[in-house]
Number of protein chains: 2
Amino acid sequence: MTLDRIDFDLLRLLRKNARLPNKDLAERAGIAPSTALERIRRLREAGVLQGFHAEIAPEAIGIGLQALISVRLAQHSRALLDSFHAHLRGLPEVLAFYHVAGADDFLVHVGVGDSAHLRDFALAAFTERPEVSRIETRLIFEFQRNAELPRHCT
Amino acid sequence: MTLDRIDFDLLRLLRKNARLPNKDLAERAGIAPSTALERIRRLREAGVLQGFHAEIAPEAIGIGLQALISVRLAQHSRALLDSFHAHLRGLPEVLAFYHVAGADDFLVHVGVGDSAHLRDFALAAFTERPEVSRIETRLIFEFQRNAELPRHCT
DNA sequence: GCTGAAAGTGAGAGGAG
DNA sequence: CTCCTCTCACTTTCAGC
């Protein structure tokens, strides 16, 4: 699938505000509302638009503390990897995770209530797991996401 | 501001699908559409709902490679921190960044076209910067975000 | 603070260019 | 592929509960 300038405009607008009405979307992209509707339907079907998510203030949902936990697995077998992967996906404290190349295999972004919660969680969800060889926890002072599209998406 | 069960329901629904029509939102939360509208307006005004963002397939916008770059600053002065912070916010390759406690000061999630782009970018945006003392780059095999709310948000 | 009706507006489908 | 029109459904406001 090949995207043109109008597709990038629609993506850029939806990336900044996913609840923008179709009418406004069309106007700002310089096309008719029905055309915008059709384009967005196609972008979704092609898997370019994967979803729309609300961003929620962490403190409002009881997240007073965020941390990054580096995890090194005991071995690099496929079975162990899959098992740990599935485990990560089931933890509500996990906000996001990265599977990376390097000495540590995973980097896990977690959100917890307080430091006691963090200690208990790190112990139960990582240290006590058979797949895990070693973890390292870093507190997050600030986390920010970027809603811009790359420069070449003109 | 104190949230009740219905607020959490609305947040949970919008977190999973930010484009869900208000009517459906109300129905699934068990309230009238006008009530849902009012509640969401208040959640936005209170800063609980901070925004709505589309999730876009990286490859579709020319991101063939993602990496995590650990950055250590030369000193920990406020001026240097602010300067580097502002710099990060202006880079389109930066998808997100963490300001963390520990030996490294920042962890930057970047998306680039290919390995040549990554090398050039790491050099120009980090290594050559006066604020930066040292960087370390790790390739990302997989990145996943969690759209669930914490367990206590019933 | 929630409900339900009423007015205004946008979404979405079908057909023409 | 894009636009226009038309219908239908949704959003949004407001008075009443």
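Heavy atoms only: backbone and side chains are in, while hydrogens, waters and symmetry mates are out. Computed from a predicted structure; not experimentally measured. Chain letters run A, B, ... following the sequence lines, proteins first, then strands; residues in each count from 1.
- Ion pair A:Glu148/A:Lys16 flagged as a salt bridge, since at least one NZ, NE, NH1 or NH2 atom sits closer than 4.0 Å to an Asp/Glu carboxylate oxygen.
- Nucleotide C:dT3 holds its C1' atom 16 Å from the CD atom of B:Glu27, rounded to whole Å.
- Rounded to whole angstrom, the span from the CG atom of A:Leu37 across to the P atom of D:dT7 amounts to 19 Å.
- D:dT2 atom P lies 12 Å from atom CZ of A:Arg5, rounded to whole Å.
- Contact annotation: side chain of B:Ser34 to base of C:dC2, donor-acceptor pair absent below 3.5 Å.
- At whole-Å resolution of the value, CG in A:Asp9 and C1' in D:dT2 are 16 Å apart.
- Remark on DNA chain D: of its neighbouring residues A:Ile31 and B:Lys23, the 5'-side contact belongs to A:Ile31, judged by nearest-heavy-atom nucleotide.
- Put simply, the side chain of B:Thr35 and the base of C:dG1 share no donor and acceptor less than 3.5 Å apart.
- For A:Phe106 against A:Val100, the heavy-atom pair with the smallest separation is N-CG2, 4.5 Å.
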Query - side chain to side chain donor-acceptor pair (under 3.5 Å) between B:Glu131 and B:His87, intermediate numbers included - result: CA-CA 10 Å; B:Glu131 302 102 317; B:His87 175 236; 5.5 Å; no
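- Atom CG of B:Asp4 and atom C1' of C:dC2 are 12 Å apart (whole Å).
- Both A:Pro33 and B:Pro33 sit near DNA chain C, but only B:Pro33 has its closest nucleotide nearer the 5' end.
- In this structure, A:Glu38 atom CD and C:dA13 atom P are separated by 10 Å, rounded to whole Å.
- As judged by a 4.0 angstrom heavy-atom cut-off over every strand, B:Arg41 is placed among residues making no nucleic acid contact.
- Checked for salt-bridge contact, A:Arg39 and A:Asp7 meet the test: a charged N lies under 4.0 Å from a carboxylate O.
- The side chain of A:Arg39 places an N or O atom within less than 4.0 Å of a non-bridging phosphate oxygen (OP1 or OP2) of D:dT2.
- The shortest non-hydrogen separation linking B:Pro92 to A:Arg151 is CG-NH2, 3.5 Å.
- Atom CD1 in A:Ile6 sits roughly 12 Å away from atom P in D:dC1 (whole-Å rounding).
- Between A:Asn22 atom CG and C:dT9 atom P the separation is 17 Å, expressed in whole Å.
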